[in-house]
Amino acid sequence: MRWPVRALLLAGGISAFGSQMSMLALPWFVLEQTGSAGRAGLVFAAQILPTALLGLLGGEVVQRFGPRRVMVCCDAARAPVIALVPVLHAAQVLSFGLLLGIVVVLGVFTIPYLAAQRLLGTELTHDDAVAVTKVNSVLEGTVNLAAFAGPAVAGLLLTTLSPGQVLLADAATYAVSALLLSAVPAVGSARGTVEAPRGLLAGLGYLRGDRFLGMAAMSSVLYGLLFRMLWIALPLLAFRRFDGDPAVGGLLVACSGAGAVLGSITAYAVASRFPPRLLAAGAAVVIALPLWVLVTGATLPWLLAALALSAAAVPVLNAPYFTLLTTRVPPVWRPKVLQAVITVNALGGPAGFLLAGFLIDRAGLDPVLYLVAMVATFASAVFVTAAWRAGPTPDTGKVVPMNENAPTVERTRAETAAVILELYRAALDNDALTADSDFFEADGDSMAAFELTVGVLRELGVDLSVGAVFTHPSPSLLTDAVLAVAAGRA
């Protein structure tokens, strides 16, 4: 890998490790100062709240300023923000309300970071699917390793250092990450003449218009939901089936973490051997099947193996999935599409925690484990179906003939152009449009583009991605694209 890519990966690892240390140090700081578990929980909620309320704005930010600049600014801002906690505490001016405000600000600067990170990796590797998958697998590995080791290291540090000192160490990791990223050369995606999409919901609209990405996004939300439920269920599983042995609870969680790290290594190793779509589909199956072991009376070794195998498949799915999310989508749409997926997934996390707690209280552990296995199976089936229907050709915003029942009526260019012009006028509700009218200047948006693709399929028998409308943003250009497909299929 070239230096810019290595710098991105190293910065991501350092930043993630510091963040995971704070996951223990911040609530420990609150407990040490107030002794209140409720206030420690509020600190967690305050950090998640910005994503719930402002998540889709992250796409606007990345689109406007570019992924590299966003990452540098986010890390450079998070360093002094997290350092404020011990500094203000030492000055004896840190109230609990002020602490919550600091944590909210920290969450705001975290919102666009993940999307920017994945997009920068795609730009630095010039949209090469294999290289992008390898970069994503390393990023998955750094996050999983940080989640596995960061809290443990923080725990060791807290035996000799104060929580405030650990938070200062976290601030240092953000500063180092910002310096590394500032050395990465600026890279811009080729945008051509296509105007950037407008509106906070544009990314969600694009997902709705792309059948594969829409179904895959729904699967990823379900995975996020079920794994949060599983995190709640695992300690109770150890308590109920193994006589409340805390060591067993630790083993169950540790095996999941170790499996995720191993899966990241596996994803990197097999990235060049399988297309991203097939690699992700295979991993989806492996995620679900081992979870059925949890509903049996399996012994501890079998439970540990099942959890490790299922967890290992998650990064093997995520790495190519993020590759498809970026390389399949036209460059100007990537920030909003990726941020939309990340935001929806983030909202599913708290729902999983709340649902698991409610069901365990009302129905017990076993029904929840059955529900986890069933939801995983359904999510995997949806993802595999989406991958199968997507076909072997990745969609990068070009037209793709997919409708086998297309009309066989031959049309001249003038006839095809007339049909598309009428579809344009109907979708944009503007009868004054001409063959050279620009889609974006006519206030076109993702929903209008989706309506156009449906009309082209219905009237002309050609199945277009929504991205095709954005890369051929006039009736004349779209006519050329449709005719090129028809000629290739004749």
Side-chain angles (χ1 to χ4, degrees), residues 1-16 58-59 62-63 65-72 74-75 112-145 177-178 180-192 194 210 212-213 216 263-280 283 315-339 341-342 390 392-398 467 471:
M1 291 184 180
R2 297 178 298 111
W3 156 247
V5 177
R6 291 198 298 270
L8 168 67
L9 299 177
L10 182 58
I14 292 172
S15 180
V62 178
Q63 182 185 79
F65 298 105
R68 172 187 168 275
R69 185 181 299 175
V70 166
M71 290 185 70
V72 172
C74 285
D75 275 337
Y113 194 82
L114 179 57
Q117 185 182 60
R118 304 289 179 157
L119 290 169
L120 184 58
T122 302
E123 292 185 354
L124 291 174
T125 51
H126 306 291
D127 288 30
D128 179 83
V130 172
V132 174
T133 302
K134 287 187 174 183
V135 168
N136 284 327
S137 66
V138 175
L139 290 173
E140 286 285 317
T142 59
V143 171
N144 290 326
L145 184 60
S177 177
L180 283 170
L181 290 168
S182 64
V184 175
V187 181
S189 299
R191 297 179 180 237
V194 182
D210 187 303
F212 169 69
L213 290 182
S264 302
I265 298 172
T266 302
Y268 185 90
V270 301
S272 59
R273 300 184 182 183
F274 302 97
R277 180 180 55 87
L278 298 181
L279 181 60
V316 180
L317 183 149
N318 281 344
Y321 175 51
F322 275 110
T323 298
L324 291 167
L325 273 174
T326 50
T327 61
R328 183 180 175 93
V329 177
V332 294
W333 278 84
R334 290 174 184 172
K336 291 196 172 181
V337 171
L338 191 54
Q339 188 65 48
V341 171
I342 292 170
T393 304
D395 180 2
T396 58
K398 300 177 182 179
T471 52

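Note that the coordinates shown come from a computational prediction; the quantities given were computed from them, not determined experimentally.
- Residues satisfying the side-chain contact (heavy atoms from CB on, under 4.5 Å) criterion with P315, sequence neighbours excluded, are E140, N144, S264.
- In this structure, the side chains of V337 and L325 come closer than 4.5 Å at one or more pairs of heavy atoms.
- Evaluation of the side-chain hydrogen bond (donor to acceptor under 3.5 Å, both in side chains) rule for T125 yields no partner, not counting sequence neighbours.
- Between V316 and A267, the shortest heavy-atom distance links the atoms CA-CB, 3.9 Å.
- Here I14 pairs with L10, T173, V176, L180 under the side-chain contact (heavy atoms from CB on, under 4.5 Å) rule; sequence neighbours left out.
- Screening L119, L120, L181, L124 for a side chain to side chain contact (heavy atoms under 4.5 Å, CB included) with R68, the sole residue that qualifies is L120.
- V70 is linked by a side-chain contact (heavy atoms from CB on, under 4.5 Å) to V61, V62, F65, C74, P112, A116, counting only residues two or more places apart in sequence or in another chain.
- Going from atom CZ of R69 over to atom OG of S182 covers 13.0 Å, rounded to the nearest 0.5 Å.
- With respect to V132, the side chain to side chain contact (heavy atoms under 4.5 Å, CB included) criterion is satisfied by exactly one of V135, N136, V130: N136.
- Taking the side chain as every heavy atom from C-beta outward, E123 and P67 approach each other to under 4.5 Å.
- When each of L338, L317, V341 is paired with F322, the side chain to side chain contact (heavy atoms under 4.5 Å, CB included) condition holds for L338 and for no other.
- Closest heavy-atom contact between K134 and A271: CG-CB, 3.6 Å.
- T133 is linked by a side-chain hydrogen bond (donor to acceptor under 3.5 Å, both in side chains) to T323, counting only residues two or more places apart in sequence or in another chain.
- A distance-only check finds a donor-acceptor pair linking the side chain of T142 to the backbone of L139 [under 3.5 Å].
- Under the rule for a side-chain contact (heavy atoms from CB on, under 4.5 Å), I265 has no partner lying at least two apart in sequence or in another chain.
- Remark: the Y113 side chain and the D75 side chain contain an N/O donor-acceptor pair separated by less than 3.5 Å.
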